[in-house]
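Only this structure's heavy atoms are used, side chains among them; waters, hydrogens and symmetry mates stay out.
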Amino acid sequence: MFAVIKTGGRQYRVAPDDVLEIGKIEGEVGTIVQLAEVLVVGGDQPILGLPTVAGATVAAEVLDHKRGPKVIAFKKRRRKNSRRKRGYRDELTLLRITEILTDGAKPSVGPRPKRVKAEPKAEAASAE
């Protein structure tokens, strides 16, 4: 099953367990957010929205908030001693798609637990 969602003025084709970068959205790292603008829900019987599919949402886990690469806009007017250099970095959110929900259903899958780094060497050394 797949879905086409719209967020930040762009459209993305997503399936469960996909990881994607989108423009920054609200949500703490590790929480589940719902994306409501679903344009198409695909599968055995695809459902097309006019413009969106009623009752369909996509649940996603927020993995990280970060900044994109620096983009530099440099303008120069020759022989005028005029230069301008500006740069910016996009604010991005990294998401993992957990579920594609239809008919107004609520997310049943919660965020994945964080991995705890085990230190068996230190414990073995202290036991001796």
Side-chain angles (χ1 to χ4, degrees):
M1 178 178 239
F2 72 92
V4 176
I5 61 171
K6 181 179 177 183
T7 179
R10 296 184 177 149
Q11 297 177 6
Y12 302 92
R13 183 185 187 271
V14 296
D17 292 327
D18 281 354
V19 176
L20 67 141
E21 286 182 348
I22 63 171
K24 187 170 182 179
I25 59 172
E26 295 297 321
E28 294 293 322
V29 174
T31 60
I32 299 291
V33 295
Q34 289 189 2
L35 305 170
E37 283 195 82
V38 179
L39 306 176
V40 176
V41 175
D44 295 335
Q45 295 289 331
I47 303 169
L48 301 176
L50 297 172
T52 60
V53 179
T57 59
V58 172
E61 178 185 1
V62 177
L63 299 178
D64 193 16
H65 294 292
K66 62 181 189 176
R67 298 179 75 190
K70 182 175 270 191
V71 178
I72 297 174
F74 183 77
K75 296 183 179 180
K76 179 179 179 182
R77 293 169 194 91
R78 62 187 187 151
R79 297 186 301 272
K80 305 276 192 265
N81 197 19
S82 173
R83 288 180 256 178
R84 183 171 68 193
K85 181 178 177 181
R86 298 181 62 186
Y88 73 94
R89 296 176 70 182
D90 285 332
E91 300 286 331
L92 301 173
T93 299
L94 192 67
L95 295 179
R96 177 184 294 121
I97 305 300
T98 56
E99 291 181 287
I100 298 172
L101 307 164
T102 56
D103 301 326
K106 299 289 180 192
S108 62
V109 178
R112 294 183 181 180
K114 291 189 175 183
R115 292 184 182 179
V116 178
K117 293 183 180 180
E119 297 182 18
K121 295 178 184 177
E123 294 174 5
S126 64
E128 295 175 1

Quiz prompt | V19 and its side chain to side chain contact (heavy atoms under 4.5 Å, CB included) partner, picked from L94, I97, L95 | solution = L94

Quiz item: V33, L20: one ILVMFWY side-chain cluster at the under-4.5 Å cut-off?
Solution: yes

Quiz item: Using links of under 4.5 Å between side-chain heavy atoms of ILVMFWY residues, direct or through other members, which residues join L39 in one cluster?
Solution: F2, V4, V40, L48

Quiz item: Tell me, do P107 and L101 make a side-chain contact under 4.5 Å, heavy atoms counted?
Solution: yes

Practice problem: State the NZ-CG distance between K76 and N81, to the nearest 0.5 angstrom. | Solution: 9.0 Å

Practice problem: Search all heavy atoms of V38 against all heavy atoms of V41 and return the closest pair with its distance. | Solution: CG1-CG2, 3.7 Å

Self-check item: With R77 via side-chain hydrogen bond (donor to acceptor under 3.5 Å, both in side chains) - residues at least two apart
Solution: S82

Exercise. Report yes if the side chains of E37 and T7 come closer than 4.5 Å at any heavy-atom pair, otherwise no.
Key: no

Quiz prompt | Point-to-point distance, once rounded to the nearest 0.5 Å, from CD1 of I5 to CZ of R13 | solution = 12.0 Å

Could you go through residues 52-71 and list every donor-acceptor pair under 3.5 Å that involves a side-chain atom there, pairing it with any protein atom two or more places apart or in another chain?
residue	atom	partner	partner atom	Å
E61	OE1	R96	NH1	3.4
H65	ND1	T93	OG1	3.2
H65	NE2	G27	O	2.7
K66	NZ	E21	OE2	2.6
R67	NE	E91	OE2	3.3

Practice problem: Give, for atom CE of M1 and atom CD of E99, the distance between the pair rounded to the nearest 0.5 Å. | Solution: 11.0 Å

Quiz item: Does L92 belong to the same Ile/Leu/Val/Met/Phe/Trp/Tyr cluster as Y88, with side-chain heavy atoms less than 4.5 Å apart forming each link?
Solution: no

Quiz item: In Å and rounded to the nearest 0.5 Å, what is the OG1 to CD distance from T98 to Q34?
Solution: 9.0 Å

